[in-house]
2 protein chains.
Amino acid sequence: MPYTLILNNIAKHIHLTPDEQAVFTGMLQSRTIKRKQFLLTDGDICKHSAFVTQGCLRGYTVDKNAIEHVLSFAPPDWWMADMYSLISQKPGILNIEALEETHILLLSKHNQEELYKQIPKFEHFFRVLTENSLVASQQRLIDGLSLTAEDRYNNFCKRYPTLINVLPHKQIASYIGVTPEFFSRMRSRK
Amino acid sequence: MPYTLILNNIAKHIHLTPDEQAVFTGMLQSRTIKRKQFLLTDGDICKHSAFVTQGCLRGYTVDKNAIEHVLSFAPPDWWMADMYSLISQKPGILNIEALEETHILLLSKHNQEELYKQIPKFEHFFRVLTENSLVASQQRLIDGLSLTAEDRYNNFCKRYPTLINVLPHKQIASYIGVTPEFFSRMRSRK
DNA sequence: GGGGGAAGTTGATGTAGGTTAAGTTTTTTG
DNA sequence: CAAAAAACTTAACCTACATCAACTTCCCCC
């Protein structure tokens, strides 16, 4: 059953009756994105939250020197969206690309709001999810201000051990905020 | 009436009946913090969300070299807490200090949860609040990865024009991630 | 209102990490 | 499976920003 992962993800925070589960899963749309293809690009208006069931997404921005900066990765069991664009419904700044063939479940903004009305527990669920993201984002900000690149890399290894062997080095380098060249030097110093 | 500001803050996202307003304001505790005094220090467990009605708070961490890093400022009409500690109820990493005499309204974690039960609209309110914080935090992350210190300073001036003339330079320097010395040089170059 | 301790400035020097470039290895895809 | 592209490495050189130190100005608080 393709909904096991997402229902378990939700069950971590709220309990759904079988009926509610059916309402919820009925709102989902499943989709496969091939390697190097995009779910969303810079300038698009984000109309869905995506939940990854297989593969891996990355969300990144491109600066005025055409350098990419990874904001987040989404391996299985993670949610991904351009939050700014999703909540404002204005053109976003994020590119969301599949690093390998990736299976996702899409929840449209319309259905998400419908869910808040029909099953208010989902307000709670997404509040908690957002709170956790905020804490992680703030911790990463603090790390960026107070740690060396080497310490940030060590943290990344500890926090996301499964991703280390899956992601290309240049993507990890971009996430922690260094060039691939410097990342390579850092790694050889140990 | 000392609750006007906070009720208007809430009215931006949800509508409360007079009864609900009374329930809510009845849960608040007001407090004054003198200049250079702390609402919370590193290692404390955060038990309240604070809403500033007058003055200004700053939240910062201290790294292993005893350097302070400002995570956020809270002028009037802003909420402040150590989110990590508040949601996990584990010792936090944030110091929250008053930059001048500051009036706040405190909502305890217990009352906040009570509010979610008694007036579910508050789930919605805090979800939206948290979403907006997340978007701001992510934008700051991206700025840190892709802009020079000078560009970050210009952004800060645009985004928080009222804070520029209120905050000591060294606090702004810390927020944008440079030393006071470099901040001074940056400013003299224009 | 004046003295003392922060806050801010300025200059000389140091360094983490960037840039450019060239070469090697791995992966992808026709 | 081969060729092309992408990922990774190494080295020389560069720069944005940090550090240290001495000085000046501001602004609390007694």
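Residue numbers start from 1 in every chain, and the chains themselves are labelled A, B, ... in the order their sequence lines are given, proteins ahead of strands.
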Pair Phe24(B) and Phe122(B), ring centroids less than 6.0 Å apart: yes
Atom-pair distance (CG on Leu167(A); P on dA7(D)), nearest Å: 12 Å
Atom pair distance, as rounded to whole Å: NZ in Lys34(A) and P in dT28(C): 16 Å
Most 5' of Arg35(B) and Thr148(B) on DNA chain D, judged by nearest nucleotide: Thr148(B)
Glu181(A) side-chain proximity, nearest of dA11(D), dC8(D), dG17(C): dA11(D)
Length of the CD-P vector between Glu150(B) and dC17(D), whole Å: 8 Å
Gap between atoms CD1 and P, on Ile176(B) and dA16(D) respectively (whole Å): 16 Å
Separation of atom NZ in Lys36(B) from atom P in dA7(C), rounded to whole Å: 5 Å
Sidechain N-carboxylate O distance under 4.0 Å for Arg58(B), Glu68(B): yes
Sugar-phosphate only, base, or nothing, as touched by Pro180(B) at under 4.0 Å among non-hydrogen atoms: nothing
Whole-Å distance separating the CZ atom of Phe182(B) from the C1' atom of dA18(D): 9 Å
Axial cation check for Tyr116(A) ring with Arg127(B), 6.0 Å and 45° limits: yes
Among dC8(D), dT10(D), dT10(C), the nucleotide that comes nearest once only the side chain of Ser188(A) is considered: dT10(D)
Whole-Å distance separating the CZ atom of Phe183(B) from the C1' atom of dA7(C): 12 Å
Donor/acceptor link under 3.5 angstrom from Arg185(B) side chain onto base of dG11(C): yes
From dT9(C), dC17(D), dC28(D), nucleotide with atom closest to His169(B) side chain: dT9(C)
Side-chain N,O (Thr179(B)) to OP1/OP2 (dA18(D)) below 4.0 Å: yes
Minimum-distance nucleotide to Ser184(A) side chain [options: dT28(C), dC17(D), dT10(D)]: dT10(D)
Separation of dA6(C) P from Lys170(B) NZ (nearest whole Å): 9 Å
More than 12 heavy atoms of other groups within 6.0 Å of Lys121(B) NZ: yes
Any Arg187(B) side-chain nitrogen or oxygen under 4.0 Å from OP1 or OP2 of dT10(C): no
Candidates Val62(A), Thr61(A), Leu39(A), Asp82(A) - the one meeting side-chain contact (heavy atoms from CB on, under 4.5 Å) with Asn95(A): Val62(A)
